Amino acid sequence: MDDAKLTATQAELLAGVAPVVEQTVKNILEQHVASMTRTALDRRAGGLLDAEQIQRLALKAAERQVADLADPPGLYYLTLAEWVAEWLFPVYRRSILGHDRVWCPQWWRHAEAVARLESLWRAWEHLRQEPATGLSVWFRDHADHHMTVLLAADGPFKGCDGQHSQHPVDELPHDPPPEGMFEPEEPLDPIHAGPRATPTAPGRTAGQAREHTIRRGR
């Protein structure tokens, strides 16, 4: 039934029933998961745990899973600066003596470093929720790649050699493309998207460069 066609009495009844429905669904899901888990583990427990003990363990696990679905975990570190200082630097250690690796203590002055480190942070926040292989995947697919690029002698920190250089690596040579070669993408749903006042991003005018910032979020 369309909500707009509900009578006042029906709306009141639905409002009163909604919490009961939600609790009932939650209980059914938890009991179903617990029952399936008990059946699956009953044979593997080797008689050390009885069915009631397995049931209690399964119910607790189901409750945690339902709670995570209702309220997904947020960021563990609220900013990139917190993550690199409190987790990355204490854990990921490499010698920068010699000429094989280069690092800049003022990494936040290098746009590429900020972009790569933020991608590492966001990937870490996502993969930390996978208790089995999440951290291994993060090291293999993310940290080993991006940190190797950042520390490379010919990477974005070239010339810094342990301190920030006043002459960082220049931008790659580039010419502006012909006008009209790259058109702004149209909205996927032009009917509901509404008119666009300008193809430029909010908060800046055409031709104004974006600033590289460390995004903050929760």
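Keep in mind that what you see is a predicted model, and the values were worked out from it rather than measured. By convention here, the first residue in the shown sequence is residue 1.
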Heavy-atom pair with the smallest gap, counting every atom of [X] and [Y]:
X    : Y    : answer
Y77  : W121 : O-CZ2, 3.0 Å
G74  : E125 : O-OE1, 4.3 Å
E183 : G180 : OE2-O, 3.2 Å
P90  : V84  : CD-O, 4.1 Å
S165 : G159 : CB-O, 3.6 Å

request  = May I ask you to decide whether D144 forms a salt bridge with R140, counting only side-chain N to carboxylate O separations under 4.0 Å?
outcome  =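 The answer is no: the pair does not qualify as a salt bridge.
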Given 3.5 Å as the limit, does a donor-acceptor pair link the side chain of [X] with the main chain of [Y], or not?
X    : Y    : result
E130 : A132 : yes
T79  : E82  : yes
W103 : R94  : no
Q163 : C104 : no
R101 : S95  : yes
H126 : W124 : no

For W83, the option from L88, L78, L75 that meets side-chain contact (heavy atoms from CB on, under 4.5 Å) =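 Only one option passes, and that is L88.
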task = Any chance you could pull the hydrophobic cluster mates of L97, using side-chain heavy atoms under 4.5 angstrom and chaining through other members?
result =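 Other cluster members: none.
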query = In Å, rounded to the nearest 0.5 Å, how long is the span from NE2 of H142 to CG of L120?
reply =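 Between H142 NE2 and L120 CG, I get 8.0 Å after rounding to 0.5 Å.
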inquiry  = Distance check, rounded to the nearest 0.5 Å: H146 atom NE2 versus R116 atom CZ?
reply    =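 So the NE2 of H146 and the CZ of R116 are separated by 6.0 Å.
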task = Might you confirm whether atom OH of Y92 has over 12 heavy atoms from other residues, nucleotides or ligands at distances under 6.0 Å?
result =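 Yes, OH of Y92 has more than 12 neighbouring heavy atoms, counting only those of other groups under 6.0 Å.
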key: Any E112 side-chain heavy atom under 4.5 Å of V149 side chain   =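 Yes, close enough: below the 4.5 Å cut-off.
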Is it the case that one hydrophobic cluster holds both [X] and [Y], taking links as side-chain heavy atoms less than 4.5 Å apart, direct or via other members?
X    : Y    : result
W87  : L151 : yes
L150 : V169 : no
F139 : L117 : yes
F89  : V102 : yes

query = Strictly under 6.0 Å, is that where the ring centroids of F157 and W107 end up?
reply =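 No - the distance between ring centres of F157 and W107 does not fall below the 6.0 Å cut-off.
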